[in-house]
Amino acid sequence: MIDIKQIRDNPEQFKDACSAKHFNVDIDGLLAVDAELKTVKQQLQDISTDKNRLGRSIPKLSPEEKQSALSQLSELKQREAEYNEQLGQLQPQFDELMQQVPQPADDDVPLGKDDTENIEIRKEGEIPRFDFEPKDHVQLGLALGIIDIERGVKLAGTRNYFLKGDGALLHWAVLRFAMDLVAGRGYVPLSVPLLMKDEAMRGTGYYPGSEDQTYRMEKDQLNLVGTAEVPLTAYRMGEIVDADELPLKYVALSSCFRREAGAAGKDTYGLYRIHQFDKVEQVVVCANSAEESRKYHEEILANAEAVMRDLGLPYRVVNVCTGDLGRGQAKKFDIEAWMPSRGKYCETHSASKFYEFQARRMNLRYKEPGTKRNLFCHTLNNTVIASPRILIPILELYQNADGSLTIPEVLRPYMNGKQKITQPS
RNA sequence: GGAGCAGUGGCCGAGCGGCUGAAGGCGACGGUCUUGAAAACCGUUGUACCGAAAGGUACCGGGGGUUCGAAUCCCUCCUGCUCCGCCA
């Protein structure tokens with residue numbers, strides 16, 4: 001959420017943000033509602049003042065005076081009811097519009113319509129050449145007996161799968177490796193609830209907007225998270241955090257659930273786009289300073305890159321353009337791994353910077369030491385690793401001519417020292 | 001799921017219809033004293049909104065109601081604790 005004062009002071013900035021990020025929000029309409037709301041609230045406040053004064057005087061009045069005070073009061077109450085009526089109309093309109101106003105993108109974010117206009121910042125690692133006909137991850141997984149999509153679909157529907165034997169172990173090895181790396185860099189590991197109340201969904205900015213993407217437990221009014229970003233970022237929701245606790249750095253391993261509504265027919269092959277996966281996610285909550293935000297944005301990106309480098313996966317980093325940014329995101333770096341079967345770099349990580357957009361929604365603050373003012377925190381998050389999507393490049397890049405798979409060195413300690421996954425004979 | 005009890009400021013805790021944004025204590029901050037510190041004493045110490053300011057308004061778990069007036073009475077929801085049932 002944006003500070004209404006900023007919108008009042010500089011509506012053009014937010015109109016521009018809307019068009020750059022392709023959100024259609026009626027800023028002028030919002031300001032009109034805001035102005036009306038302000039006068040209505042002022043009237044109501046004045047009426048309250050009068051009511052309070054009259055009410056307080058009542059015990060000291062003579063019976064006749066009391067009568068006239070009471071009739072004045074009922075008059076006031078009638079006017080109050082009228083203004084309350086108006087308030088009841090305006091406030092929801094205002095809240096609704098405010099939820100929709102997007103965070104303007106940073107100046108160094110490229111203008112663009114969608115992910116095709118993201119700008120590559122750098123490439124790391126070599127794309128290997130094979131001197132044999134390489135298999136894709138589905139063929140490999142099937143041949144090695146470590147991926148079973150058919151039965152996943154049989155039992156859970158499309159976009160579901162089983163990982164089996166060394167496939168399951170490899171999946172967990174990647175996650176544990178990533179968790180250890182980031183926890184080793186001072187991030188506090190958290191095991192988190194995955195069913196979140198609507199408030200947490202709203203606080204992180206997923207609601208309103210992503211209801212269709214979310215599995216919802218209607219009976220209990222809870223939402224299955226699509227990412228641990230939700231419990232991690234909302235962990236201190238509504239609190240005034242001690243300034244010397246900042247920055248808060250959290251990392252969690254969680255299952256993630258996505259309905260992938262509207263993606264019908266898209267990325268239907270293999271383990272790329274699926275309804276359920278596991279992810280290690282990192283979140284930073286820092287002080288209200290653009291410089292701090294920038295610093296930690298780079299830090300979480302560096303953490304993710306360390307994981308990719310250690311796994312020996314070629315990737316590139318892109319600066320995500322305005323049209324591909326979420327409502328609350330001021331800037332986003334995606335890491336895209338090279339996926340041979342797809343013949344291109346594909347998103348595996350997403351590092352987002354929100355400034356105070358999320359903190360404001362969830363009322364997450366700290367007391368600034370010098371001024372003693374309560375300021376909204378800044379929040380950031382990034383994937384550390386998401387599996388099985390990351391198994392796509394791992395399988396496809398580490399396959400051998402004989403059909404076996406070499407296990408990346410850093411994962412071997414998590415697989416009892418095993419070096420290769422071979423075809424069952 | 002059933003029964004009972006409870007939810008007050010950073011914390012503890014009083015208030016149980018108007019003079020209470022809320023006693024008292026702890027903590028924190030500023031000052032006096034001291035070579036420095038401690039102790040003692042004095043003062044300050046919630047949040048948000050409106051206002052240039054003076055000041056005003058709202059908030060005692062959330063929402064609603066009764067009343068001229070509610071932290072205080074009523075309803076409801078949420079959360080916690082205790083007991084019972086059920087399941088792990």
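- In this structure, A:Arg327 is not positioned above the aromatic face of A:Phe357 in the sense of NZ or CZ being under 6.0 Å from the six-membered ring centre and within 45° of the axis.
- Between A:Arg258 and A:Glu260, none of the side-chain N atoms (NZ, or NE/NH1/NH2) sits under 4.0 Å from a carboxylate O, so this pair counts as no salt bridge.
- Contact record, A:Asp114 with A:Asp324: C-CB, 4.2 Å, taken as the closest heavy-atom pair.
- Summarising the base pairing, B:A54 is matched to no nucleotide, lacking a Watson-Crick or G-U wobble pair whose two defining distances lie under 3.5 Å.
- Look at the C1' atom in both B:A6 and B:C12: the space between them is 16 Å, to the nearest Å.
- Distance check on atom C1': B:C29 versus B:U82 gives 41 Å, rounded to whole Å.
- Here the separation of B:G13 from B:G27, taken at their C1' atoms, is 14 Å to the nearest Å.
- Nucleotides B:G24 and B:U8 place their C1' atoms 14 Å apart, quoted to the nearest Å.
- With a cut-off of 3.5 Å on both pairing distances, B:U34 has no Watson-Crick or G-U wobble partner at all.
- B:U67: no Watson-Crick or G-U partner with both key distances under 3.5 Å is found in any strand.
- Using a 4.0 Å cut-off between charged nitrogen and carboxylate oxygen, A:Arg185 and A:Glu299 do not count as a salt-bridge pair.
- For the P atoms, the distance linking B:U44 with B:C49 amounts to 25 Å, nearest Å.
- Using a cut-off of 4.0 Å between Lys/Arg side-chain N and Asp/Glu carboxylate O, A:Glu82 and A:Arg79 are scored as not salt-bridged.
- Under the Watson-Crick and G-U wobble criteria, each requiring two contacts below 3.5 Å, nucleotide B:U20 is left unpaired.
- Both distances falling under 3.5 Å, in either a Watson-Crick or a G-U wobble arrangement, place B:G27 opposite B:U45.
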_How would you summarise protein contacts on nucleotides 46-53 of chain B per nucleotide, using B for base, S for sugar-phosphate only and - for none, with heavy-atom distances below 4.0 Å?_
-SSSBS--
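- Ion pairing between a basic and an acidic side chain is recognised when a charged N comes within 4.0 Å of a carboxylate O; A:Arg294 and A:Asp106 show no such pairing.
- B:A48 and B:A28 have their P atoms separated by 23 Å, given to the nearest Å.
- The partner of B:G4 is B:C81, judged by Watson-Crick or G-U wobble contacts that both fall below 3.5 Å.
- In this structure B:C60 sits in no base pair that meets the Watson-Crick or G-U test at under 3.5 Å.
- Atom CG of A:Asp50 is separated from atom P of B:A58 by 12 Å (rounded to the nearest Å).
- Comparing the same atom, P, in B:A58 and in B:G69 gives a spacing of 12 Å after rounding to whole Å.
- Atom P of nucleotide B:G10 and atom CG of A:Asp244 are separated by 17 Å, given to the nearest angstrom.
- For the OP1/OP2 pair of B:G56 and a distance below 4.0 Å, the side-chain nitrogens and oxygens of A:Asn52 include no atom meeting the criterion.
- In summary, A:Arg216 and A:Asp198 engage in a salt bridge, as defined by a charged side-chain N under 4.0 Å from a carboxylate O.
- A:His171 and A:Asp278 form a side-chain donor-acceptor contact under 3.5 Å, judged by distance and modelled atom types alone.
- Counting to the nearest Å, the C1' atom of B:G55 and the CG atom of A:Asp46 are 12 Å from each other.
- Atom P of B:G51 sits at a distance of 16 Å from the matching atom of B:U57, rounded to the whole Å.
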*For every nucleotide of nucleotides 63-70 of chain B, 5' to 3': is a protein heavy atom under 4.0 Å from its base (B), only from its sugar-phosphate (S), or from neither (-)?*
-----BS-
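- Pairing partner, B:A88: none, since no Watson-Crick or wobble contact has both distances short of 3.5 Å.
- The cationic atom of A:Arg342 (NZ for Lys, CZ for Arg) lies less than 6.0 Å from the six-membered ring centre of A:Tyr272 and within 45° of the ring axis.
- Salt bridge status for A:Lys295 with A:Glu292: present, with a side-chain N to carboxylate O gap under 4.0 Å.
- Put simply, CD on A:Glu199 is 12 Å from C1' on B:U79, counting in whole angstrom units.
- A salt bridge links A:Glu356 with A:Arg360: the closest approach of a Lys/Arg side-chain nitrogen to an acidic carboxylate oxygen falls below 4.0 angstrom.
- Rounded to an integer number of Å, the gap from A:Gln91 CD to B:A58 P is 16 Å.
- One interatomic measurement links the two molecules: OH of A:Tyr83 to P of B:U57, which rounds to 18 Å at whole-angstrom precision.
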